[in-house]
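Since the structure comes first, as structure tokens, the remarks are kept for the end.
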Amino acid sequence: MNFTEPYYITESNRMCIEAGMDPYEVSRPKTFLSKSEFEKKRKSYSEILSVVSFFSNKLLDSLKGTPILVVVSDAAGYLLEIEGDETIKSTIEQFGIVLGSLFIQEDTGTNVISLSLQQKHPISLIGEQHYHTFLHGIACYGTAFHYTDDNDLLGSVSIMMPIEFQNPLFLTMLSQAVDSIERELLLRKQNKKLNIMNQIMLSRTRNGIVITDENGITTEFNSFAEKISNNSRDSVMGRNIQESHLTGNYFKEVLEQEKIIENEELKFRDKEGNLIVCLFDAQPIYEEDKMIGAFGQFRDISDRYLLQEKYNYLAFHDDLTNLPNRRYINKEIETIIQALNGGECRTLALLFIDLDRFKIINDNFNHSFGDKFLIEVSKRLSSCLGEKDILARMGGDEFVFLLKDFVDRDYVTNKAEEILQLFQQPFYVGMKELHTTASIGVAIYPEYSISKEQLMVYADNAMYQAKSQGKNRYVIHTAELLNVMMDEYKLEVDLRRALDKNEFVLHYQPQINNCTGKLVGFEALIRWQHPTLGLIPPGKFIKLAEENGLITQIGEWVIEEACSQIKKWQDAGMTPVKMSVNLSTQQFLTRNLVSFMKNVLERTAIDPAYLVVEITEYMAMEGEYSIHVLKQLKALGLGISIDDFGTGYSSLNYLKNFPIDYIKIDKSFVSELMNNEKDTIIVKAIITLAHNLHKEVIAEGVETKEQLDFLKDHQCDISQGYYFNKPLPVDEIETIYLAQH
């Protein structure tokens, strides 16, 4: 593919030419900090560098095995940190790229550090985009970082590697790391502005607080400090804090040197052996310019620290409100239910909140306005969080309060009433005054064991009951509401008979080539034509089928029916197009999948080139088994597509090693293309990555012309979605498309 070189690279190289630089000569920095100047600069940047190093080391760890170098500069372009591959480090030292050297275009020509500091977005500088030929074997990615509250430029972070390891996803990873750096830097900056007296309101804070007199004798040790440290108040009060093996040296510096300690990360084990991670601050306390003692606080970040070690923070939090998301709340519920099943004495309740009339707000204004409104709602809901409560956004205008370890049921109902009262006052978005209410479904975990899914359904059903009773109220799940669950059970019974009664039908959603606008395929999507309930979408019964083991039989019916339909259309004269069918995880893991596919192809006598099987990222993670099965399916002549790409266990490894033909961008990214810069970056990166790996890209969920135009502009190959047509029954497909082909 041909890519237009970014204007800033073109402009930089033009400046090199005008300056008379020889592209074949090594261009070295001409200005260097003296040893004392460098140490002074490092000292002034010490806090910033500690934050940058923390996250850059995480980046290096995540890319272990890839020869890369991470380079950090200040806002002027002086190199303050160089970490990573020793071979690359020794190589660049020959070119004068050392700590304390100044990188400006006038001296070193086109370089990633100068360009990163100039631009307001992440940049890449690959191979021959460099002006000097000695850099043509290097791929560079870089971005500046700032104090985001006042856009104050602080410096740049760049990664460098041999060109054969280049990958556009490195730019996304670097951008995410810098986002984390900027958030932490802003947090630290804001913490400096906190009033000390507000920090020592012991009864109001959730931090561990230690206060001493001028000699270091402990005069206060609050309950949170007891909890964090596992030291009782009585064992600490009256003792000299400087004797503490954990914080004694820090307090000694505060008391003797009047030093301020900020954000020191402390790790230790509690009596059960669990890892505790805290951020520790300490500073002198003054009265009329006389130091009268020391103040220290512990912020327990154990949960956050462990979560970030295992998962990406963004995977567990809502991008709009920064609240925990559905995945986070599900994990919390599962943990508590496991404890309950293990005999622990705990309590658990869910408050499922749905805003009344939110659709009217969205329709009368716009989605961007609606997003701002949801942010205001989340702030107000957060204001009534109890000490052990968790608030999450489940999506759209749905929120959940998870209440745990409360003493009696009154706490739950009082919380529901408190939430309803929050909506009695208007919300303000810009200059507009908005009024809304909430419907709340309450589910309290019973004395017998139920699953997380059942608890969620109870809360959801109670919420809908609140809606039906007139909204602006809460309803508690009761035995009467359990009848709704019985209806679901009846549906499961009917589902077991649906195959024998031939009640399933396929609808087909067209797939359109973005360049030609022509039909290139269909995705076959199942529907259930229930004899009394009418047409039921898959969202209502697929989960049931997975739970009761029918999903494999249903999946085989879908494949057989779709192949037969392809043959019928081709025999009727329709120009052959591809047909995509989805494989469930259970179906993919069955040992007879390949032989079944082979038999279906033989029975229906279709060319396998016109059949595409769609698998999820989770299936691709089944290691050697996945590779083996996919290669066998590929040997039959089938096309293979990765569905919902980017929402699961995205891995460059399986894209490289697996015989995949198509990558389908999940509709959650497409739907936010026009609103969310992160989704835009991700979609661009997926398209670029797929094309570099010689795979075609399909975007699903395309609903607007603006989305389609964006996808066309960025060379996405195929689109499907309501912009073209919803999934249609076979007679409508034949009316619209058979005549055309």
Side-chain angles (χ1 to χ4, degrees), residues 148-149 183 186 190 193-195 198 201 204 206 317-326 328-329 349-403 406 410-443 456 459-477 671-672 674-677:
T148 54
D149 57 339
R183 284 197 298 269
L186 181 61
Q190 292 170 338
K193 299 177 182 178
L194 291 176
N195 183 290
N198 287 335
M201 295 173 64
R204 306 275 314 256
R206 297 187 184 183
H317 288 78
D318 174 51
D319 188 49
L320 177 65
T321 63
N322 289 323
L323 292 175
N325 61 12
R326 182 184 297 272
Y328 184 103
I329 215 76
L350 288 183
L351 275 61
F352 199 103
I353 305 164
D354 188 271
L355 305 185
D356 302 326
R357 302 175 65 252
F358 177 69
K359 186 176 185 302
I360 296 175
I361 294 174
N362 252 357
D363 292 345
N364 286 344
F365 300 99
N366 54 52
H367 288 285
S368 176
F369 188 91
D371 285 347
K372 293 177 182 176
F373 172 69
L374 289 173
I375 292 172
E376 294 304 313
V377 170
S378 70
K379 291 178 181 177
R380 192 173 294 184
L381 288 173
S382 298
S383 69
C384 70
L385 275 171
E387 179 183 346
K388 298 178 181 179
D389 304 339
I390 298 175
L391 171 63
R393 182 181 177 223
M394 305 298 278
D397 61 339
E398 296 177 341
F399 297 84
V400 160
F401 266 85
L402 187 155
L403 311 181
F406 46 86
D410 287 345
Y411 181 82
V412 180
T413 54
N414 290 340
K415 183 65 66 176
E417 291 171 356
E418 184 180 358
I419 293 169
L420 291 176
Q421 288 300 313
L422 293 176
F423 291 88
Q424 298 307 305
Q425 298 300 319
F427 292 85
Y428 293 93
V429 178
M431 300 298 293
K432 298 188 182 299
E433 178 180 307
L434 301 172
H435 294 264
T436 190
T437 54
S439 296
I440 306 174
V442 180
M456 282 286 195
D460 192 47
N461 288 345
M463 183 273 293
Y464 279 108
Q465 188 68 17
K467 290 272 190 190
S468 67
Q469 291 180 10
K471 305 177 182 178
N472 191 26
R473 67 191 66 229
Y474 70 88
V475 169
I476 301 175
H477 174 80
S671 66
E672 291 299 314
M674 301 297 106
N675 304 319
N676 191 314
E677 183 181 355

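Heavy-atom basis, side chains included; hydrogens, waters and symmetry copies ignored.
We find the CZ-CG distance between Phe401 and Asp389 to be 6.5 Å, quoted to the nearest 0.5 Å. With values rounded to the nearest 0.5 angstrom, Asp460 atom CG is found 12.0 Å from Gln465 atom CD. With rounding to the nearest 0.5 angstrom, the CD atom of Glu398 is 4.0 Å from the CZ atom of Phe352. The CZ atom of Phe427 lies 9.0 Å from the CD1 atom of Ile361; values are rounded to the nearest 0.5 Å. Atom CG of Leu323 is separated from atom CG of Leu391 by 4.5 Å, given to the nearest 0.5 angstrom.
More than 12 heavy atoms of other shown residues, nucleotides or ligands fall within 6.0 angstrom of atom NZ in Lys467. Atom OH of Tyr464 has 12 or fewer heavy atoms from other residues, nucleotides or ligands within 6.0 Å.
Put simply, the side chain of Cys384 reaches to within 4.5 Å of the side chain of Ile419, judged on heavy atoms. Leu403 places a side-chain heavy atom less than 4.5 Å from the side chain of Leu351. Taking 4.5 Å as the limit, every side-chain heavy atom of Phe423 sits out of range of all side-chain heavy atoms of Asn472. Looking only at side-chain heavy atoms (C-beta outward), Ser383 and Leu422 come within less than 4.5 Å of each other. Side chains of Lys379 and Ile375 form a contact here, defined as non-hydrogen atoms less than 4.5 Å apart.
Heavy-atom minimum distance, Phe373 versus Leu434: CD1-CD1, 3.6 Å. The two residues Arg380 and Gln425 come nearest to each other via the heavy atoms NH1-O, 2.8 Å. For the residue pair Val429 and Glu376, the shortest heavy atom distance occurs at CG2-CG, 4.4 Å. Looking at every heavy atom in both residues, Tyr411 comes nearest to Gly386 through OH-CA, 3.7 Å. In terms of heavy-atom proximity, Asn325 sits nearest to Ala392 at O-CB, 4.1 Å. Of all heavy-atom pairs between Gly370 and Phe358, the closest is O-CE1, 3.8 Å.
Distance alone, capped at 3.5 Å, places no donor-acceptor pair between the Gln421 side chain and the Glu417 backbone. For the pair Asn414 (side chain) and Asp410 (backbone), a donor-acceptor distance under 3.5 Å is present.
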Legend entry - Derivation and outcome, side-chain contact (heavy atoms from CB on, under 4.5 Å), residues Asp354 and Met463: CA-CA 7 Å; Asp354 188 271; Met463 183 273 293; 3.5 Å; yes
Inset, instruction - Before giving the answer on side-chain contact (heavy atoms from CB on, under 4.5 Å), spell out for Tyr328 and Asp318 the whole-Å C-alpha distance, their side-chain angles and the decisive distance to 0.1 Å. - result: CA-CA 10 Å; Tyr328 184 103; Asp318 174 51; over 6 Å; no
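Among residues at least two apart or in separate chains, side chain to side chain donor-acceptor pair (under 3.5 Å) pairs with a member in residues 430-439 are Asp356-Thr437, Asp356-Ser439, Tyr428-Glu433, Glu433-His435.
Evaluated for a side chain to side chain contact (heavy atoms under 4.5 Å, CB included) with Arg393, the options Val377, Leu381, Thr321, Ile353 yield exactly one hit, Thr321. The side chain to side chain contact (heavy atoms under 4.5 Å, CB included) test with Ile476 is passed by exactly one of Val442, Ile440, Val412: Val442.
With sequence neighbours left out, Leu402 forms a side-chain contact (heavy atoms from CB on, under 4.5 Å) with Ile329, Glu332, Ile333, Ile336, Leu348, Leu350, Ile390, Lys404.
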